A.B. asks: 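Following this message is one structure expressed as C-alpha cells.
No experiment lies behind these values; they were computed from the predicted model shown. Chain A is the first sequence line, chain B the second, and so forth, proteins listed ahead of strands; every chain is numbered from 1.
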Amino acid sequence: MKYKRIIPLFLLKGKRLVKGVQFGNFVDVGDPLSQAMIYDAQGADEIVIVDIEASRQNRLIDGNLIHAMIRKTRLPIAVGGGIRTVEDGRSCFRAGADKIVINTHAVLNPELVSSLAGEFGRQAVVVSIDVRRDTAGVYIPHVFSGSRAVDRPLDEVVDTFVEQGAGEIILTVIDREGTLSGFEDPLYAEIRTRIPVPLIASGGAGCYDDMARLFHTVDVDACALGTMLTLRDYDIVRIKAYLTGEKISVRDS
Amino acid sequence: MIIGVVNNGMSNVGSVMSAFEFYRHQTELIDRPEGLTRPDLLVLAGVGSFNTAVARLKESGLWDALQDQVLVRRKPILGICLGMQLFATVGFENGQTGGFGWIPGKVVRIEAPTVRVPHMGWDEVIPRDARLFNRVKANSFYYMHSYHLIPDDDAVIAATTPYGAGDLVAAVVKENIVGTQFHPEKSQGDGMRFLQNVLETIA
C-alpha cells in the first residue's frame with residue numbers, strides 16, 4: 001500500500017459525537033453527518049464511527065444515520081457498536097457500511113469474527129481492541145468501552161482474531177486516549193511484527209510530530225485521530241501537508 | 001442517463017447511487033430481471049464473497065438476465081470490486097465457483113509474502129486506457145479486497161496498481177464492459193470523475 005491513512009475516529013453517544021479522556025468525561029463535539037462531510041472535504045482517507053453505548057445498551061448503531069452519512073460523503077466508512085451476530089453485520093452493510101467494526105463481542109466470542117469474515121469477506125471485518133496498562137506495564141485488553149478487563153493476554157487475543165479472519169486491527173491505548181500525549185509507539189512496533197493484516201494506531205495523537213514519529217518508527221497502516229481534530233486547531237489538509245514534508249507517503253488532498 | 005444499480009441484497013448500493021446522482025444522473029435500484037431493460041448503464045457492486053454473490057444472483061433470476069443483457073444486447077455494465085470479479089470465468093473464494101465469463105480469467109487470493117493482505121486503503125493506479133482517467137488528478141483510489149482478477153488476455157487491462165513484486169489489475173475494459181477492483185464511489189473527487197469517464201467510454 002503506497003499511502004498511509006489518516007482516519008478521523010468518531011464516537012457516537014445518542015445522536016451526537018462526543019470526545020473524552022481515557023473513555024470518560026465526554027464532551028459534545030458535533031453532529032455526525034456534518035462532521036463526516038467536513039472531514040470528507042478535507043481529504044480524510046476513511047472514517048470510523050462507533051456507537052459507544054450500543055453494546056452496554058444491548059442494541060445496534062442507528063442504521064439511518066449510517067445511510068445518511070454514506071449518501072452525503074465519498075469516502076469509506078467503517079461502522080461499529082453493538083454488532084453481535086451475522087444478522088447485525090448484515091443490517092450495517094444494508095445501511096451502507098463499507099466495513100464493520102467489532103470490539104466487545106469479538107473478544108467475548110471470537111468465533112463471531114470468523115462468521116462475519118465468512119459471510120462478508122475478511123476485508124470487511126475490522127476488529128478493534130482497547131487496552132490499558134496495568135501497574136506492571138502490561139497491556140490488558142478491555143471490553144464494554146474499557147469498563148471490564150479481559151483475562152487473556154493481548155498477544156493471544158490479537159493472534160486469535162487474525163486466525164479467525166480479522167481483516168484489519170484497530171488498537172487503542174485507553175491510557176493515551178484524549179490525552180494528546182502521543183501514541184504508544186513501542187506497543188505498535190511489537191504488534192506489527194505479530195500480524196500480517198493492516199494495523200491502525202489509536203489513542204494519544206496530539207500534534208504533527210506524534211504522527212510523523214509513529215510513521216517513521218513503525219510500519220502501521222493508519223492512525224486514528226480524535227481530540228486533536230475535534231477539540232484542537234488541526235485539520236486533515238495541514239496534517240497531510242506536514243507529513244508529506246516529513247517524507248511520509250500520504251495521499252494528496 | 002439512467003443508471004441501474006443491481007441490488008444484491010447486501011452491498012454499498014447507496015454509495016454508488018449517490019455518486020451517480022452527484023452528476024444529476026437518474027438511478028434505479030434493480031431487484032428483478034425486468035429492471036435491467038431500461039437503464040443506459042448497469043452497475044454491479046458487491047460486499048461479500050464470490051460464491052455467495054453468484055448464488056444470490058442466480059436465486060433472483062438476475063444471473064441469466066444479466067448474461068442476456070450484457071452478452072447479447074450489449075448493454076453497458078460497470079462492475080465494482082467483487083462485481084468486477086464476477087465477470088471472470090472462475091473464482092476460487094470458498095471453493096471453486098463459475099463466474100459470468102465475460103472477461104476470461106480467474107479470481108484468486110492475493111499471494112505475496114512481502115505485502116499485507118487484505119489490500120486495504122488508498123493506492124496508486126497506473127492507467128493504460130487513458131479514456132477512463134481523463135481529468136483524474138491524483139490517480140489514487142480506495143481498495144478493499146483479498147482476492148484479485150487475473151485476466152487471460154492482458155489487452156483488457158485498463159489500469160494496474162503495483163503491489164509487492166508484481167501488479168494488481170486495477171481496472172479492465174472490454175467493449176461494453178468496464179470493471180474496477182477499486183471503489184470509485186468511495187474515492188472522493190477522482191472517483192466521481194472516473195465514473196463520468198465510464199459513462200463517456202461505454203454508455
A.B. asks: Do you know which of A/V250, A/D219, A/T73, A/I195 has the most heavy-atom pairs with chain B at a distance under 4.5 angstrom?
C.D. replies: A/D219

A.B. asks: Tell me, out of A/V197, A/D40, A/D45, who's got the most heavy-atom pairs with chain B below 4.5 Å.
C.D. replies: A/D45

A.B. asks: Under 4.5 Å heavy-atom distance to chain A, tell me which part of B/S146 shows up: side chain, backbone, both or neither.
C.D. replies: both

A.B. asks: Relative to chain B, which segment of A/R71 carries a heavy atom at a distance below 4.5 Å: side chain, backbone, both, or neither?
C.D. replies: both

A.B. asks: What part of B/H145 is in contact with chain A, defined as an atom under 4.5 angstrom from a non-hydrogen atom: side chain, backbone, both or neither?
C.D. replies: backbone

A.B. asks: Any donor-acceptor pair under 3.5 Å linking the side-chain atoms of A/Q123 with those of A/E168?
C.D. replies: no

A.B. asks: Side chain, backbone, both or neither: which part of B/E185 has a non-hydrogen atom closer than 4.5 Å to chain A?
C.D. replies: backbone

A.B. asks: Per the salt bridge (Lys or Arg N to Asp or Glu O under 4.0 Å) rule, which among A/R5, A/K4, A/R192 passes with A/D221?
C.D. replies: A/R192

A.B. asks: Hey, are B/E93 and B/S49 close enough side-chain-wise for a donor-acceptor pair under 3.5 Å?
C.D. replies: no

A.B. asks: Does any backbone or side-chain atom of B/D123 lie under 4.5 Å from a heavy atom of chain A? Answer side chain, backbone, both or neither.
C.D. replies: both

A.B. asks: Is the closest basic N to carboxylate O distance between A/R90 and A/E87 below 4.0 Å?
C.D. replies: yes

A.B. asks: Can you check whether B/P162's main-chain N or O pairs, donor with acceptor, with A/K2's side chain at less than 3.5 Å?
C.D. replies: no

A.B. asks: Give the member of A/G121, A/P198, A/A41 that has the highest number of heavy-atom pairs under 4.5 Å with chain B.
C.D. replies: A/P198

A.B. asks: Say whether A/R74 and B/S18, considering side chains only, have a donor N or O and an acceptor N or O under 3.5 Å apart.
C.D. replies: yes

A.B. asks: Would you mind telling me which of A/L187, A/V158, A/I200, A/V127 makes a side chain to side chain contact (heavy atoms under 4.5 Å, CB included) with A/L171?
C.D. replies: A/L187

A.B. asks: Below 4.5 Å from any heavy atom of chain B, which atoms of A/P76 appear? Answer side chain, backbone, both or neither.
C.D. replies: both

